[in-house]
Amino acid sequence: DGGITQSPKYLFRKEGQNVTLSCEQNLNHDAMYWYRQDPGQGLRLIYYSQIVNDFQKGDIAEGYSVSREKKESFPLTVTSAQKNPTAFYLCASSIAVGTASTDTQYFGPGTRLTVL
Amino acid sequence: AQKITQTQPGMFVQEKEAVTLDCTYDTSDQSYGLFWYKQPSSGEMIFLIYQGSYDEQNATEGRYSLNFQKARKSANLVISASQLGDSAMYFCAMRAGYALNFGKGTSLLVTP
């Protein structure tokens with residue numbers, strides 16, 4: 001079955017620690033994205049990548065870092081510099097036909113991060 | 001700048017009835033895409049339906065249809081024959097460029 005997997009489902013972090021959220025897709029999509037969702041809110045873009053070894057900042061990139069060493073994988077690191085990291089994190093991927101408005105993003109099941 | 005507005009924080013509908021979830025948008029782009037996603041309590045965002053700005057016909061996908069009124073900049077989701085499993089958050093989103101811009105969502109509760 002093709003799809004997007006995220007792990008772990010729940011993650012607890014102490015203040016001052018870096019944590020890495022995993023995102024893997026087997027849809028052969030070129031583009032991958034990380035979004036953050038806070039309670040009662042829509043999603044906000046953290047980072048996106050259109051191609052291996054290349055990525056761009058989204059609207060709220062401060063305190064986060066990413067890598068894209070393989071087409072299938074786009075891990076997100078939440079660093080200690082992120083002042084309010086408790087949130088629900090969603091990874092997505094798309095075929096990435098340039099900036100075509102038809103390019104549908106498909107989402108993984110999400111990781112819920114809580115800072116203790 | 002783009003903006004998506006969903007004015008209904010919560011909606012109720014009886015099973016087997018139809019329901020319309022509102023979405024208005026603001027953009028200066030000529031080419032854009034409008035999407036609806038469903039988010040059940042498990043958290044996953046499930047793609048429902050897509051409408052392109054140049055599409056002349058309203059999109060339909062099974063029980064979902066999109067009432068697209070370009071001049072009014074609205075893209076309302078219509079769910080026909082509601083089912084208990086339709087209870088979830090519903091998000092309208094717009095794409096012009098690389099990312100999706102989301103509204104704040106509407107919580108739909110389907111009652112027996």
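By convention in this document, chain letters (A, B, ...) are assigned in the order of the sequence lines, proteins followed by strands, and residues within each chain are numbered from 1. These numbers come from a predicted model, not from an experiment.
Close placement of the B:Y37 and A:F107 rings is indicated, their centers lying within 6.0 Å of each other.
Hydrophobic clustering (side-chain heavy atoms under 4.5 Å, transitive across Ile, Leu, Val, Met, Phe, Trp, Tyr) keeps A:I60 apart from B:F91. Residues B:L77 and B:L84 fall within the same hydrophobic cluster, defined by Ile, Leu, Val, Met, Phe, Trp and Tyr side chains chained together at heavy-atom separations under 4.5 Å. Hydrophobic clustering (ILVMFWY, side-chain heavy atoms < 4.5 Å, transitive): B:I4 and B:I49 are in one cluster.
In this structure, the portion of A:L90 lying under 4.5 Å from any heavy atom of chain B is its side chain and not its backbone. If you measure heavy-atom distances from B:Q39 to chain A, the contacts under 4.5 Å come from the side chain alone.
B:Y50 contributes no side-chain N or O that, together with a main-chain N or O of A:D103, makes up a donor-acceptor pair within less than 3.5 Å.
Atom CD of B:E17 has more than 12 heavy atoms from other residues, nucleotides or ligands within 6.0 Å. Counting heavy atoms of neighbouring residues, nucleotides and ligands inside a 6.0 Å radius, atom CD1 of A:I51 does not exceed 12 of them. A 6.0 Å sphere centred on NZ of B:K70 holds more than 12 heavy atoms belonging to other residues, nucleotides or ligands. Counting heavy-atom neighbours within 6.0 Å of A:K71 NZ, excluding the residue itself, gives a total above 12.
Distance check, rounded to the nearest 0.5 Å: CZ of B:F102 to CD of A:Q37 gives 8.5 Å. Separating the OG atom in A:S94 from the CZ atom in B:R95 is a distance of 5.0 Å, to the nearest 0.5 Å. Within the model, atoms OG1 of A:T104 and CG of B:L100 stand 8.5 Å from one another, a figure rounded to the nearest 0.5 Å.
Taking chain B as the reference chain and counting heavy-atom pairs below 4.5 Å, the highest number among A:L43, A:I4, A:D59 is found for A:L43. Ranked by heavy-atom pairs under 4.5 Å with chain B, the first of A:G108, A:G58, A:A31 is A:G108.
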